[in-house]
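Since the model is a prediction, treat every value here as computed from it, not as a measurement.
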Amino acid sequence: MSETHAAARVTGQAQASRLVRLRLSSLGAVIMLIVQFVLGIVYNLYGTAPTSTKSVGLFSSPDLALHAILGILLFIAALGQLIRAISVRHRLSIWLSAVGLLSILGAGFAGLGFAGNGASGASLGMSLAFAVALACYVILVFALPSSASAGSPASSTT
């Protein structure tokens, strides 16, 4: 085996390994989004809804506080996912990670609006942005390789 083939194999394996890590971080984002959704539903069912005359503080109840904190952590995770996707230079991952990050930001701003005045449109905005973000990260979980040998171009050559 020539040195060029050996270098290409190492580079291919490193790229495949980065794609596997990107897939795992996408799975982490999916799990965080589902937990975030459950916390939002719990607050929606058992919390005090804001009205147009009375806002609700983001830390007024344990459910809402956890929802707000997880939202901040989701933003940080989504930003890290986008940075990771850019460093891997995987076009689909870059686009879906960017849309996922923007959707999480949109859901966060809609949530702030909802906490301020209880507008139904803000609640709808949160749920639609959640659905878009979830779809982006689920697609990445299925599109990216699950093991470094599966995604390595060197593994298919003889």
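Atom NE2 of H90 and atom CZ of R18 lie 12.5 Å apart (nearest 0.5 Å). One distance of note links CG of L22 with OG of S87; it measures 8.0 Å at 0.5 Å rounding. Atom CG of L74 is separated from atom CG of L101 by 10.5 Å, given to the nearest 0.5 angstrom. A distance of 10.5 Å separates CD1 in I86 from CD in Q81, rounded to the nearest 0.5 Å. Between atom CG of residue L66 and atom CG of residue L73 there is a gap of 10.5 Å, rounded to the nearest 0.5 Å. L82 contributes atom CG, which lies 11.0 Å from atom CG of L96 (distance to the nearest 0.5 angstrom).
Note on L124 and F37: separate hydrophobic clusters, where clusters join Ile, Leu, Val, Met, Phe, Trp and Tyr whose side-chain heavy atoms are under 4.5 Å apart, directly or indirectly. Under the 4.5 Å side-chain heavy-atom criterion for Ile, Leu, Val, Met, Phe, Trp and Tyr, V141 and V99 are members of distinct hydrophobic clusters. Hydrophobic clustering, with ILVMFWY side chains joined whenever heavy atoms are under 4.5 angstrom apart, groups V35 together with L27. Cluster annotation: W95 is not connected to I104 through the hydrophobic network of ILVMFWY side chains, with a link wherever side-chain heavy atoms come within less than 4.5 Å. Linking Ile, Leu, Val, Met, Phe, Trp and Tyr residues whenever their side-chain heavy atoms come within less than 4.5 Å leaves M126 and V42 in two separate clusters.
Looking at L144 and V20, their side chains never come closer than 4.5 Å, going by heavy atoms from C-beta outward. Under the 4.5 Å side-chain criterion, counting only non-hydrogen atoms from C-beta, T48 is not in contact with S61. No side-chain heavy atom of L128 sits under 4.5 Å from any side-chain heavy atom of V132.
Heavy atoms only, all atoms of each residue included: G100 and C136 are closest at N-SG, 3.9 Å. Contact detail for A85 and I94: the closest heavy-atom pair is O-CG1, 3.4 Å. Counting all heavy atoms, side chain and backbone alike, A78 lies closest to Y137 at CB-OH, 3.4 Å. Closest of all the heavy-atom pairs between P145 and R23 is O-CD, 3.1 Å. The two residues F114 and A122 make their nearest non-hydrogen contact at N-CB, 3.6 Å. Pairing each heavy atom of M32 with each of A77, the nearest pair is SD-CB, 4.1 Å.
Using modelled atom types, no side-chain atom of Y43 and backbone atom of V38 make a donor-acceptor pair closer than 3.5 Å.
Side-chain contact annotation: S25 with R21, donor-acceptor N/O pair under 3.5 Å absent.
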